[in-house]
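Quick notes on the structure that follows.
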Amino acid sequence: MTAPTGSLDGKVVIVTGGLGGIGAATARLLAGAGARVVVTDVVDDGGKDLAEELSGLRGEASFVPADLTDEAQVQALVQHAVDWFGRLDGAFNNAGVSQAGTPLVELTSEAFESVLRTNALSVFLCLKHQMAAMADGGSVVNTSSALGVMGALGQAGYIASKHAVCGLTRAAAVEGAERGIRVNAILPGVVDTPMQTAAHGSVDAQASQERARRLHLLGRMAEPQEVGHLARWLLSDEASFVTGALLPVEGGLLAGRRL
Ligand SMILES: NC(=O)c1ccc[n+]([C@@H]2O[C@H](COP(=O)([O-])OP(=O)(O)OC[C@H]3O[C@@H](n4cnc5c(N)ncnc54)[C@H](O)[C@@H]3O)[C@@H](O)[C@H]2O)c1
């Protein structure tokens, strides 16, 4: 029997930032669609439990801790996927950090470099080693942000890092095309995850909901799995003619405001 079109049956997929809100939700969707998932994160608290949970769905899974700003650790992560499962078909490069709100004129070069390293250098290193390991085509999805194509107050480092992810996505799509490797970016709006709580921890829940209502045409934050559904689709063969795309999943944030 052939696999359903949207399935990821047997595909080996790396998920970075896999213990965070969007990463864990997406890893569950991928495993549920039959993917063999290698979850990775810089923290390893709960990694083995998540891998066990994923293995109980339809696919096998494993957890590897790695700091993706370190090239040797990225190389070892990709090698683990190939050694463990025999191949690499896909990757969701989703790890990232937020930036404390700081006006550009007050932002230190250390803070700027730090967010660029975690959000952009890591994606470059992942693409470099993942694409080299994809022997039979593949699909890579990078998590940028609505702030990958627009500005906002007090977020110069984060915005620069997410614009860089969009640029890397297009560069990699061009270089991967001949080898059957598709590379796309997703651009979430505000998503209800630990990153969001950390960024707005001082704001009470009601103020946070009101801010999300004003920002998005759909009047609310996204749930992590609403972002994961788009990543899962891009990783599947259903998206076989989609590459180099920057796809918003932002409740209409980029489309306009209800004035
Ligand atoms: N939450 C939002 O509103 C939102 C909006 C747009 C884009 N994003 C992007 O979505 C992605 C996932 O964010 P999230 O909201 O799930 O946040 P999260 O904080 O829940 O998850 C991010 C994960 O990345 C991991 N990570 C951080 N630095 C790392 C490193 N050096 N090496 C390996 N892993 C590292 C963290 O440990 C964490 O588990 C990020 O790239 C973020 O910028 C989030």
Side-chain angles (χ1 to χ4, degrees), residues 14-29 38-47 49-50 63-78 80 91-101 113-126 129 140-150 152 155 157-166 168-169 185-201 203 208-209 211-212 215-216 218 220-228 230-231 246-251 253-254:
I14 292 173
V15 175
T16 81
L19 298 185
I22 295 171
T26 306
R28 290 185 175 101
L29 291 171
V38 177
V39 177
T40 183
D41 206 295
V42 71
V43 293
D44 72 358
D45 194 21
D49 291 348
L50 179 61
F63 175 76
V64 185
D67 178 349
L68 303 174
T69 63
D70 176 342
E71 184 159 9
Q73 294 189 43
V74 174
Q75 209 165 359
L77 163 70
V78 172
H80 169 91
F92 181 38
N93 295 325
N94 163 75
V97 287
S98 56
Q99 181 212 307
E113 267 181 26
S114 170
V115 71
L116 261 288
R117 280 181 70 77
T118 307
N119 290 359
L121 175 70
S122 69
V123 173
F124 160 68
L125 294 174
C126 283
H129 292 286
V140 182
V141 177
N142 300 319
T143 305
S144 176
S145 166
L147 293 182
V149 290
M150 67 183 282
Q155 292 293 320
Y158 185 80
I159 289 166
S161 73
K162 292 301 185 180
H163 276 68
V165 172
C166 291
L168 281 165
T169 298
I186 57 172
L187 280 51
V190 183
V191 189
D192 194 2
T193 69
M195 176 181 284
Q196 200 38 231
T197 315
H200 300 284
V203 182
S208 181
Q209 295 295 341
R211 181 174 161 276
L215 275 174
H216 306 95
L218 294 180
R220 62 175 176 84
M221 288 186 235
E223 293 301 323
Q225 56 275 19
E226 292 180 288
V227 177
L230 178 58
L246 314 179
L247 293 163
V249 49
E250 37 57 294
L253 185 157
L254 293 166

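Counting starts at 1 for both ligands and their atoms, following the listed order.
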> Nearest protein heavy atom to atom 25 (C) of ligand 1, by residue and atom, and its distance?
Replying inline: Asp41 OD1, 3.4 Å
> For ligand 1, is there an atom lying under 4.0 Å from some heavy atom of Ala66?
Replying inline: yes
>> With rounding to the nearest 0.5 angstrom, report the CD to CG distance, Gln225 to Leu230.
In response: 13.5 Å
> Between NZ of Lys162 and CG of Leu246, what distance do you get to the nearest 0.5 Å?
Replying inline: 13.0 Å
>> Heavy-atom contact check, 4.0 Å cutoff: does Gly18 meet ligand 1?
In response: no
>> Quick test: of every protein heavy atom, which one is nearest to atom 3 (O) of ligand 1, and how far off is it to 0.1 Å?
In response: Val191 N, 2.8 Å
> Under 3.5 Å, is there a donor-acceptor pair between the side chain of Gln75 and the main chain of His129?
Replying inline: no
> If you count the atoms of ligand 1 from 1 in the order shown, which ones are under 4.0 Å from a heavy atom of Asp67?
Replying inline: 30 (C), 31 (N), 32 (N)
> Does Ile22 approach ligand 1 within less than 4.0 angstrom via side chain, backbone, both or neither, non-hydrogen atoms only?
Replying inline: both
>> Out of all atoms in ligand 1, which are within 4.0 Å of some heavy atom of Tyr158? Include the element for each.
In response: 6 (C), 7 (C), 8 (N), 9 (C), 42 (C), 43 (O)
> Under a 4.0 Å heavy-atom limit, does Ser144 contact ligand 1 with its side chain, its backbone, both, or neither?
Replying inline: backbone
> Any donor-acceptor pair under 3.5 Å linking the side chain of Thr16 with the backbone of Asn94?
Replying inline: yes
> At what distance, to the nearest 0.5 angstrom, does CZ of Phe63 lie from CG of Asp44?
Replying inline: 5.0 Å
> Does an N or O anywhere in Val97 fall below 3.5 Å from an N or O of ligand 1?
Replying inline: no
> Backbone N or O of Ala222 within a donor-acceptor pair of the Asp192 side chain at under 3.5 Å?
Replying inline: no
>> Give me the residue, atom name and distance of the protein heavy atom closest to atom 1 (N) of ligand 1.
In response: Thr193 OG1, 3.1 Å
>> Check contact between Ser122 and ligand 1, using heavy atoms of the residue and a distance below 4.0 angstrom.
In response: no
>> Among all protein heavy atoms in this structure, tell me which lies nearest to atom 32 (N) of ligand 1, with the distance rounded to 0.1 Å.
In response: Leu68 N, 3.1 Å
>> Return the CE to CD distance between Met221 and Glu250, rounded to the nearest 0.5 Å.
In response: 15.5 Å
>> Exactly one of Gln196, Gln155, Met195 should register a side-chain contact (heavy atoms from CB on, under 4.5 Å) with Ser98. Which one does?
In response: Met195
>> Quick check against the 3.5 Å criterion: does Thr118 have a side-chain atom that pairs as donor or acceptor with the backbone of Gly96?
In response: no
> Considering only heavy atoms, does Met221 approach ligand 1 within less than 4.0 Å through its side chain, its backbone, both, or neither?
Replying inline: neither
>> Give the atom numbers and elements of ligand 1 that come within less than 4.0 Å of a heavy atom of Ser145.
In response: 6 (C), 7 (C)
> OG1/Thr40 to CG/Asn93 distance, rounded to the nearest 0.5 angstrom?
Replying inline: 10.5 Å
> Can you tell me which residue and heavy atom of the protein come closest to atom 11 (C) of ligand 1, and the distance to 0.1 Å?
Replying inline: Asn94 O, 3.0 Å
>> Using 0.5 Å steps for rounding, measure from the CG atom of Asn142 to the CG atom of Leu168.
In response: 7.5 Å
> Can a non-hydrogen atom of Thr118 be found less than 4.0 Å from any atom of ligand 1?
Replying inline: yes
>> I'd like to know if the side chain of Gln99 and the backbone of Tyr158 have a donor-acceptor N/O pair within less than 3.5 Å.
In response: yes
> Which option, Val42, Asn142, Val249, Asp192, owns the non-hydrogen atom nearest atom 35 (C) of ligand 1?
Replying inline: Val42
> What residues form a side-chain contact (heavy atoms from CB on, under 4.5 Å) with Ala152, not counting sequence neighbours?
Replying inline: Leu147, Ile159
> Among protein heavy atoms, which lies nearest atom 27 (C) of ligand 1, and at what distance?
Replying inline: Gly96 O, 3.7 Å
> Should you measure from each heavy atom of Val190, which atoms of ligand 1 turn up under 4.0 Å away?
Replying inline: 3 (O)
>> Show the atoms of ligand 1 that are less than 4.0 angstrom away from any heavy atom in Thr143.
In response: 9 (C), 10 (O), 11 (C)
> Can any side-chain N or O of Asn119 pair as donor or acceptor with the backbone N or O of Ser161 at less than 3.5 Å?
Replying inline: no
> Judged by non-hydrogen atoms, does Gly189 sit under 4.0 Å from ligand 1?
Replying inline: yes
> Nearest protein heavy-atom contact for atom 20 (O) of ligand 1: which residue, which atom, what distance?
Replying inline: Gly21 N, 2.9 Å
>> Is it the case that ligand 1 has an N or O less than 3.5 angstrom from some N or O of Thr69?
In response: no
> Going by distance only, is there an N or O of Pro188 that falls short of 3.5 Å from an N or O of ligand 1?
Replying inline: no
> Among protein heavy atoms, which sits nearest to atom 19 (O) of ligand 1, and what does the distance come to when rounded to 0.1 Å?
Replying inline: Met195 CB, 3.5 Å
> Between Val43 and ligand 1, does any nitrogen or oxygen pair lie at a separation below 3.5 Å?
Replying inline: no
>> Can you list everything that forms a salt bridge (Lys or Arg N to Asp or Glu O under 4.0 Å) with Glu71? Sequence neighbours excluded, please.
In response: Lys128
>> Tell me the closest heavy-atom pair linking Val115 and Gly157, and the distance in Å.
In response: CG1-C, 3.4 Å
> With a 4.0 Å cut-off on heavy atoms, is Arg117 touching ligand 1?
Replying inline: no
